S.K.: 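Supplied in structure tokens, the structure appears directly below.
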Amino acid sequence: MRITFSILAMLLLLLPACTNETKNESINGTWASIGSGWFLEIQDSSRYTFYDHIPISCLPNRQGPLTEIIESLHLQTDTLSLLKGVITYQFIRAKVLPKNCTTPLDAQKATDPLYNFEVFAETVKEHYAFMPLNRINWDSLYQQQKAKVAKSPTEAQLYSVLEETLEKLNDNHAYLEATEAVYEAAEQLAKERNEEEMEEEESLPELGDFQVADQVAEHYLQEEMTKDSWLMKWGKLTDKIGYVQIKSMWLYADMKLSKSRMEEIGFLDAYVEAFHKMYEGDYINKEVEGVHKIMDQVMSDLSDTKAMVLDVRFNGGGQDAVSFEILRRFIPQKLQVATQQLRYGDQRTSVLPLYIEGAKDAYTKPVFLLTSAQTGSAAEAFSIASMAMNNAKRIGSPSAGAMSTALEKTLPNGWAFAISNEIYMDNQGQFYENKGIPVDYDLEYTRDRQSFFRAIVNDLEKDKQAVLKAVATLQGK
């Protein structure tokens, strides 16, 4: 299964509290989201249903007991806010659900490739945030891709066209998930289109980010202190400088996975399967709980250091809430760290600030973030937040430039897809999609993934000394 997170709760954009009783009495009814194409129906103060809506389609997304989301809701005048992780989604009252939300969808239409393409296309047109940035002529691209589906309206062709469309949009967070049967059919279709079989070029084995990270940590750490964690490694880089390597911004939750299920489908797929069964907000909270415990140990072990290096060069992302839970340990009080907007049609939502609450016993000595072009998604939320901190500097090279949280949707045929509809900005309103978060000391890493990895592992000591030199320079020594 392909996983893309844009997915990304201890940002703690705290909302004024109100009792569950007040919420239950006042939030019943139908609510339309501002910017996300959702309808939320709350019935009898006991159950809720989310719908994915566009004019030509309306599909139930998730339903469950109201207790599942009640603590994440806040009603102020005529606006209902829903906090999921670090993002607040706003809803306004609607008189009724749109008619197509209450009309059963014909089974034949639900599987029609052309209809599914139209639902996909309408969602992209309504919500994709970076058409101008990526110089997309949507009308031309839409007509071109629609003609391909119309010429051969099969599942395999639909999948291939949608994948190709997402590539042409250059959306850093887009994804498409179908079924194994569709993947196989699409692969076969691609092979048939190749008139000549290309011989595979001989190449060096590919290095993985976790693999490289492990080698770096082993070489960097003068004193190893890691306990009960495979996603973080920490200890002393020198007698006075602490080092924390953060491999990922997810996989910290205790999902109570069964051994048999992990043996059957593997840890990662079992993990994804488990969180897909949960309400997203609850899942994110579990991720935060997991990383919170690890950070308690990290901060205790490294409290006597004079400076700290946080290495996210090999971190492709996960949950923004995990990033902010880590970073809050270096912030003494509530701090606005970024802003965001959502795109819908020709409009944008109002600019909403993002905060980190901070910690009473925060580490306020110098902090240095190591970043690279492989620092993506939620790890970039980590990086952009550091720009608002007085004690933080960034070393390495600009991050990947995949900032936006993806808007996840489902097609009538059951396939899942996502498109970037969020504009993630710093406190000055600058956004860094595609170009990445800048650094204060540039080590000029190549943006090519394998070339970067090999340059690091081929001379680990050179890499370490370059980082130490950057730290010393930025400290004014």
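All figures in this text were calculated on a predicted structure; none of them were measured in a lab.
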S.K.: Would the distance check show the side chain of N315 and the main-chain N or O of G317 forming a donor-acceptor pair, the cut-off being under 3.5 Å?
M.R.: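 Yes, N315 side chain to G317 backbone: donor-acceptor pair under 3.5 Å.
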S.K.: Compute whether any side-chain donor of one residue and acceptor of the other, for Y175 and E408, lie under 3.5 angstrom apart.
M.R.: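 Yes, because at least one side-chain N or O of Y175 sits under 3.5 Å from a partner of the opposite role on E408.
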S.K.: Side chains of T79 and Q90: is there a donor and an acceptor less than 3.5 Å apart?
M.R.: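 No, no side-chain donor-acceptor contact under 3.5 Å.
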S.K.: Between Q374 and R449, do the side chains contain an N or O donor and an N or O acceptor separated by less than 3.5 Å?
M.R.: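 On atom types as modelled, these side chains qualify, holding a pair under 3.5 Å.
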S.K.: For Y48 together with F50, are the ring centres under 6.0 Å from each other?
M.R.: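 F50 vs Y48: aromatic centres under 6.0 Å.
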S.K.: Would a distance-only check, ignoring hydrogens and angles, find a side-chain to backbone donor-acceptor pair under 3.5 Å from R343 to G345?
M.R.: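 Yes: the side chain of R343 pairs with the backbone of G345.
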S.K.: Would you say that D282 contacts K286 through its side chain, given a criterion of any heavy-atom pair below 4.5 Å between the two side chains?
M.R.: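 No, too far: nothing below the 4.5 Å cut-off.
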S.K.: CD of Q108: more than 12 outside heavy atoms within 6.0 angstrom?
M.R.: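 No, CD of Q108 has 12 or fewer neighbouring heavy atoms, counting only those of other groups under 6.0 Å.
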S.K.: Is the Y271 to F267 ring centre distance short of 6.0 Å?
M.R.: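 That pair passes the under 6.0 Å test.
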S.K.: Taking S36 for the side chain and S33 for the main chain, is one N or O donor matched with an acceptor at less than 3.5 Å?
M.R.: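 Between the backbone of S33 and the side chain of S36 there is no qualifying donor-acceptor contact (under 3.5 Å).
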S.K.: Taking the inter-plane angle between the rings of W138 and Y142 on a 0 to 90° scale, is it parallel (under 30°), tilted (30 to 60°) or perpendicular (over 60°)?
M.R.: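 The arrangement is tilted - the two ring planes meet at 30° to 60°.
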S.K.: Taking only residues two or more places apart in sequence, or in another chain, which ones meet D52 in a salt bridge (Lys or Arg N to Asp or Glu O under 4.0 Å)?
M.R.: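 Only K409 meet the salt bridge (Lys or Arg N to Asp or Glu O under 4.0 Å) criterion with D52.
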S.K.: So, using ring-ring contact (aromatic ring centres under 6.0 Å, His included) as the criterion, who are the partners of F368 when residues are at least two apart?
M.R.: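 ring-ring contact (aromatic ring centres under 6.0 Å, His included) check on F368 returns nothing, list empty.
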S.K.: If you measure from CG on L342 to CG on L352, what distance do you get to the nearest 0.5 Å?
M.R.: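 Going from CG on L342 over to CG on L352, the span is 7.5 Å.
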S.K.: With sequence neighbours excluded, tell me which residues meet ring-ring contact (aromatic ring centres under 6.0 Å, His included) with Y252.
M.R.: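 None.
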S.K.: Just jot down the salt bridge (Lys or Arg N to Asp or Glu O under 4.0 Å) partners of E68, sequence neighbours excluded, or say none.
M.R.: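 Listed in chain order: R62.
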S.K.: Nearest 0.5 Å please: distance from the CD atom of Q145 over to the OG atom of S160.
M.R.: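 Between Q145 CD and S160 OG, I get 10.5 Å after rounding to 0.5 Å.
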S.K.: Go through the structure and list residues passing side-chain hydrogen bond (donor to acceptor under 3.5 Å, both in side chains) with Y115, not counting sequence neighbours.
M.R.: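 Applying side-chain hydrogen bond (donor to acceptor under 3.5 Å, both in side chains) to Y115 gives none.
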S.K.: Measure the spacing between CG of L162 and CG of L411 and express it to the nearest 0.5 Å.
M.R.: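 Nearest 0.5 Å value for the CG-CG distance: 6.5 Å.
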S.K.: When you check the side-chain N and O atoms of N172 and E433, is any donor under 3.5 Å from an acceptor?
M.R.: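 Yes, a side-chain donor-acceptor pair sits under 3.5 Å.
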S.K.: I'd like to check the salt bridge (Lys or Arg N to Asp or Glu O under 4.0 Å) partners of E164; sequence neighbours left out, ordered by chain and number.
M.R.: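 K148.
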S.K.: Side-chain contact, heavy-atom cut-off 4.5 Å: L82 with L40?
M.R.: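 Result no, sub-4.5 Å side-chain heavy-atom pair not found.
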S.K.: Looking at residues at least two apart in the chain, or sitting in another chain, which of them share a salt bridge (Lys or Arg N to Asp or Glu O under 4.0 Å) with D112?
M.R.: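 So D112 forms no salt bridge (Lys or Arg N to Asp or Glu O under 4.0 Å) with any residue.
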S.K.: Going by the rule side-chain hydrogen bond (donor to acceptor under 3.5 Å, both in side chains), which residues pair with D448 if we only count those two or more places apart in sequence or in a different chain?
M.R.: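 In terms of side-chain hydrogen bond (donor to acceptor under 3.5 Å, both in side chains), with neighbours along the sequence ignored, D448 is linked to S451.
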S.K.: Hey, are D301 and W234 close enough side-chain-wise for a donor-acceptor pair under 3.5 Å?
M.R.: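 The criterion, which ignores hydrogens and geometry beyond distance, is satisfied for D301 and W234.
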S.K.: Would you confirm whether the ring centroid of Y183 sits within less than 6.0 angstrom of the ring centroid of Y159?
M.R.: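 So the answer is yes for these two rings.
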S.K.: Ignoring hydrogens and angles, state whether a donor on the side chain of E422 or T405 is under 3.5 Å from an acceptor on the partner side chain.
M.R.: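 Checked: E422/T405 side chains pair up, N/O donor to acceptor below 3.5 Å.
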S.K.: Taking atom types as modelled, is there a side-chain donor on D171 or S420 under 3.5 Å from an acceptor on the other?
M.R.: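 S420 and D171 do have a side-chain donor-acceptor pair below 3.5 Å.
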S.K.: Which distance, rounded to the nearest 0.5 Å, do you find between the OG1 of T165 and the CG of L141?
M.R.: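 So the OG1 of T165 and the CG of L141 are separated by 5.5 Å.
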S.K.: Who passes ring-ring contact (aromatic ring centres under 6.0 Å, His included) against Y344, sequence neighbours left out?
M.R.: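 With sequence neighbours excluded, Y344 shows a ring-ring contact (aromatic ring centres under 6.0 Å, His included) to no residue whatsoever.
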S.K.: Tell me every residue that passes side-chain hydrogen bond (donor to acceptor under 3.5 Å, both in side chains) with R447, counting only those two or more places apart in sequence or in another chain.
M.R.: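 Applying side-chain hydrogen bond (donor to acceptor under 3.5 Å, both in side chains) to R447 gives none.
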S.K.: State whether the side chain of S386 and the backbone N or O of S383 hold a donor-acceptor pair below 3.5 Å, judged by distance alone.
M.R.: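 Yes, because the side chain of S386 sits within donor-acceptor range (under 3.5 Å) of the backbone of S383.
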S.K.: Ignoring hydrogens and angles, state whether a donor on the side chain of Y445 or R313 is under 3.5 Å from an acceptor on the partner side chain.
M.R.: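 Yes, R313 and Y445 have a side-chain donor paired with an acceptor closer than 3.5 Å.
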S.K.: Is the distance from the ring center of F417 to that of F120 below 6.0 Å?
M.R.: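 Yes - the distance between ring centres of F417 and F120 falls below the 6.0 Å cut-off.
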S.K.: Does Y89 have K84 sitting over its ring (NZ/CZ under 6.0 Å from centre, angle to axis within 45°)?
M.R.: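 Here K84 passes the 6.0 Å and 45° test against Y89.
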S.K.: Does the side chain of N28 pick up a donor-acceptor pair with the side chain of S45 at under 3.5 Å?
M.R.: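 Per modelled atom types, N28 and S45 side chains form a pair under 3.5 Å.
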S.K.: Under a 3.5 Å distance rule, please check whether H53 uses its side chain to pair with a backbone N or O of W38 as donor and acceptor.
M.R.: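 Not at all, since once roles are kept as given, no pair shorter than 3.5 Å links the two residues.
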S.K.: Sequence neighbours excluded, which residues qualify as ring-ring contact (aromatic ring centres under 6.0 Å, His included) partners of Y51?
M.R.: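 Testing Y51 for ring-ring contact (aromatic ring centres under 6.0 Å, His included), a comparison that skips the adjacent residues, returns none.
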S.K.: Considering residues at least two apart in sequence or located in another chain, which fulfil the side-chain hydrogen bond (donor to acceptor under 3.5 Å, both in side chains) criterion with Y363?
M.R.: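 Residues passing side-chain hydrogen bond (donor to acceptor under 3.5 Å, both in side chains) with Y363: T305.
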